[in-house]
Student: 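First the structure, which I've put down as structure tokens, then a few questions once you've had a look.
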Amino acid sequence: MFDPDCRNISQVHGFWRPGKIVVGPNFFRLNEFEQGAVLVHEVGHLELGHARARWRLWWWLLIYPRSFREMCIEQEYEADRYAAERGYAAGLASIYSRIEHAEGLLHPPIAARLQRLQRSTP
């Protein structure tokens with residue numbers, strides 16, 4: 001699904017039944033292989049149940065904000081690993097090497113993501 005107001009390259013949407021992958025305008029600035037890497041990363045979030053876990057544990061934001069953040073960061077690494085295991089490590093690394101401000105509160109540092117992806121590339 002395309003959302004012209006989406007500031008991210010992509011994200012997973014759906015409140016009660018997460019399952020929509022939404023892409024923003026920046027998605028179309030990527031080449032086809034990079035687009036595939038992004039989509040497989042997002043499918044990883046869905047397949048690994050990350051969206052449901054976040055909704056189920058939303059109250060952690062109030063009581064355990066640090067734990068919630070750590071869980072979200074680990075989920076990003078897991079989705080990266082999911083895509084890397086399917087041959088998209090180089091695509092993600094290409095995107096991350098060009099992104100400067102994608103870390104945010106619930107995402108790991110770009111340097112750490114690149115380091116992990118380099119270890120998973122044959």
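Here the structure is a predicted model, which is why all the values come from computation and not from measurement.
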Student: Report the residues that fulfil side chain to side chain donor-acceptor pair (under 3.5 Å) with R86, sequence neighbours left out, ordered by chain and then residue number.
Tutor: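 So R86 forms no side chain to side chain donor-acceptor pair (under 3.5 Å) with any residue.
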Student: Could you pull out the closest heavy-atom pair between Y82 and V43, with the gap in Å?
Tutor: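 Nearest heavy atoms, Y82 then V43: OH-CG1, 3.9 Å.
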Student: Quick check for you: to the nearest 0.5 Å, what is the distance between L46 atom CG and I21 atom CD1?
Tutor: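 One finds 5.0 Å between CG of L46 and CD1 of I21.
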Student: Please enumerate all residues that pass side chain to side chain contact (heavy atoms under 4.5 Å, CB included) together with E70, with sequence neighbours excluded.
Tutor: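 For E70, the residues satisfying side chain to side chain contact (heavy atoms under 4.5 Å, CB included) (neighbours in sequence not counted) are R66.
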Student: Show the numbers, then the answer: is there a side chain to side chain contact (heavy atoms under 4.5 Å, CB included) between L39 and V23?
Tutor: CA-CA 9 Å; L39 293 175; V23 298; 4.3 Å; yes
Student: To the closest 0.5 Å, what do you measure between CG (L61) and OG (S67)?
Tutor: 11.0 Å
Student: Restricting to ring-ring contact (aromatic ring centres under 6.0 Å, His included), what partner residues turn up for H45, sequence neighbours left out?
Tutor: H41, H50
Student: Go through the steps for R113 and H107 under the test side chain to side chain contact (heavy atoms under 4.5 Å, CB included), then give the verdict.
Tutor: CA-CA 9 Å; R113 291 178 99 162; H107 287 80; 3.6 Å; yes
Student: With sequence neighbours excluded, tell me which residues meet side chain to side chain contact (heavy atoms under 4.5 Å, CB included) with F33.
Tutor: N31, Y88, A90
Student: In Å, rounded to the nearest 0.5 Å, how long is the span from CZ of F27 to CD1 of I95?
Tutor: 8.5 Å
Student: Taking salt bridge (charged side-chain N to carboxylate O under 4.0 Å, His left out) as the definition, give me every residue that meets it alongside R56, ordered by chain and number, with sequence neighbours left out.
Tutor: none
Student: Provide the closest heavy-atom pair for A83 versus A37 in the form atom of the first, atom of the second, distance.
Tutor: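 That would be CB-O, 4.2 Å.
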Student: Quick one: do I63 and F68 satisfy side chain to side chain contact (heavy atoms under 4.5 Å, CB included)? Show the steps, please.
Tutor: CA-CA 9 Å; I63 301 170; F68 187 83; over 6 Å; no
Student: Are Y77 and I110 connected in a single hydrophobic cluster, I mean Ile/Leu/Val/Met/Phe/Trp/Tyr linked by side-chain heavy atoms less than 4.5 Å apart?
Tutor: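 Different clusters: I110 never reaches Y77 through Ile, Leu, Val, Met, Phe, Trp or Tyr contacts under 4.5 Å.
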Student: Starting at CZ of R98, measure out to CG of L30 and round the result to the nearest 0.5 Å.
Tutor: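 Reported value, rounded in 0.5 Å steps: 6.0 Å.
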Student: Apply salt bridge (Lys or Arg N to Asp or Glu O under 4.0 Å) to the pair D80 and R116, showing each step before the final yes or no.
Tutor: CA-CA 9 Å; D80 284 352; R116 286 180 180 223; over 6 Å; no
Student: Using the side chain to side chain donor-acceptor pair (under 3.5 Å) criterion, which residues pair with R54? Sequence neighbours excluded.
Tutor: Q75
Student: With sequence neighbours left out, write down each residue that passes side chain to side chain donor-acceptor pair (under 3.5 Å) with S97, or none if nothing qualifies.
Tutor: none
Student: Do I99 and I73 belong together in a cluster built from hydrophobic side chains that touch within less than 4.5 Å?
Tutor: no
Student: Under the side chain to side chain contact (heavy atoms under 4.5 Å, CB included) rule, collect the residues that match up with L57, sequence neighbours excluded.
Tutor: W59, W60, M71
Student: Using 0.5 Å steps for rounding, measure from the OG atom of S94 to the CG atom of L117.
Tutor: 11.0 Å
Student: For the CD atom of E85 and the CD atom of E78, what is their distance to the nearest 0.5 Å?
Tutor: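 Those atoms lie 10.5 Å apart.
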